[in-house]
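Working notes, structure below.
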Amino acid sequence: MDKFKEKMDKMASEGFSDSEIGEKFLDEMGDLCICPDCPMFNQCAQEKYEGLYCMLGESTCNLEEDDCICPECEVAENLELKNDLFCIKGSEKELRGL
C-alpha cells in the first residue's frame, strides 16, 4: 500500500471526518506546502489563504492552467502522490476516487 492511502486509511479508522483529516494535514504538512510559489497561485488564492490543494481540494478561485510545480513539493514526495494540478482538478483523494 502506498503512503497516501495508508495515511488516509489510518485517519479514517481513527474516526476522523474529511474536514478533520484536512486540518490534520494542514497542521502536519502546511509548512511544506509550495502552492503560494506556483505560477497558477493568484491574488484571489492569496486573499483566501488557499493552499495544500493536494489534500484540501481545488481552488475556489478562477486559476488559469500554467506550469505545475506539484511534483516538486515535499508533500507530494512524502506521501507519494500520483497526481498534479490539484488546484484546478481536486485533491489526491478525489482524483483517486477514494
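These numbers come from a predicted model, not from an experiment.
- Under the side-chain contact (heavy atoms from CB on, under 4.5 Å) criterion, E23 pairs with no residue, sequence neighbours left out.
- Checked against side-chain hydrogen bond (donor to acceptor under 3.5 Å, both in side chains), K48 has the following partners two or more places apart in sequence or in another chain: T60.
- Identified under the salt bridge (Lys or Arg N to Asp or Glu O under 4.0 Å) test for residues 51-66, with sequence neighbours left out: none.
- Residues satisfying the side-chain contact (heavy atoms from CB on, under 4.5 Å) test with S17, not counting sequence neighbours, are S19, E20.
- Evaluation of the side-chain hydrogen bond (donor to acceptor under 3.5 Å, both in side chains) rule for K89 yields no partner, not counting sequence neighbours.
- By the side-chain hydrogen bond (donor to acceptor under 3.5 Å, both in side chains) test, E28 pairs with K7, sequence neighbours left out.
- The salt bridge (Lys or Arg N to Asp or Glu O under 4.0 Å) search around E47 returns none, not counting sequence neighbours.
- Annotation: disulfide (SG to SG under 2.5 Å) contacts of C61 (sequence neighbours excluded): C44.
- Residues forming a salt bridge (Lys or Arg N to Asp or Glu O under 4.0 Å) with D37 (at least two apart in sequence, or on another chain): none.
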Got a list of side-chain donor-acceptor pairs under 3.5 Å for residues 67-74, not counting sequence neighbours?
none

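- Residues passing the side-chain hydrogen bond (donor to acceptor under 3.5 Å, both in side chains) test with N83 are E92, sequence neighbours excluded.
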- Message: Using salt bridge (Lys or Arg N to Asp or Glu O under 4.0 Å), reason through K10 and E6 one step at a time and then give a plain yes or no.
- Response: CA-CA 6 Å; K10 181 178 186 296; E6 185 178 308; over 6 Å; no
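- Residue M55 is found in a hydrophobic cluster whose other members, listed by chain and number, are F4, M8, M11, F16, I21, F25, L26, M29, L32, M40, F41, L52, Y53, L56, L63, V75, L79, L81, L85, F86, I88, L95, L98; membership requires side-chain heavy atoms under 4.5 Å apart, directly or through intermediates.
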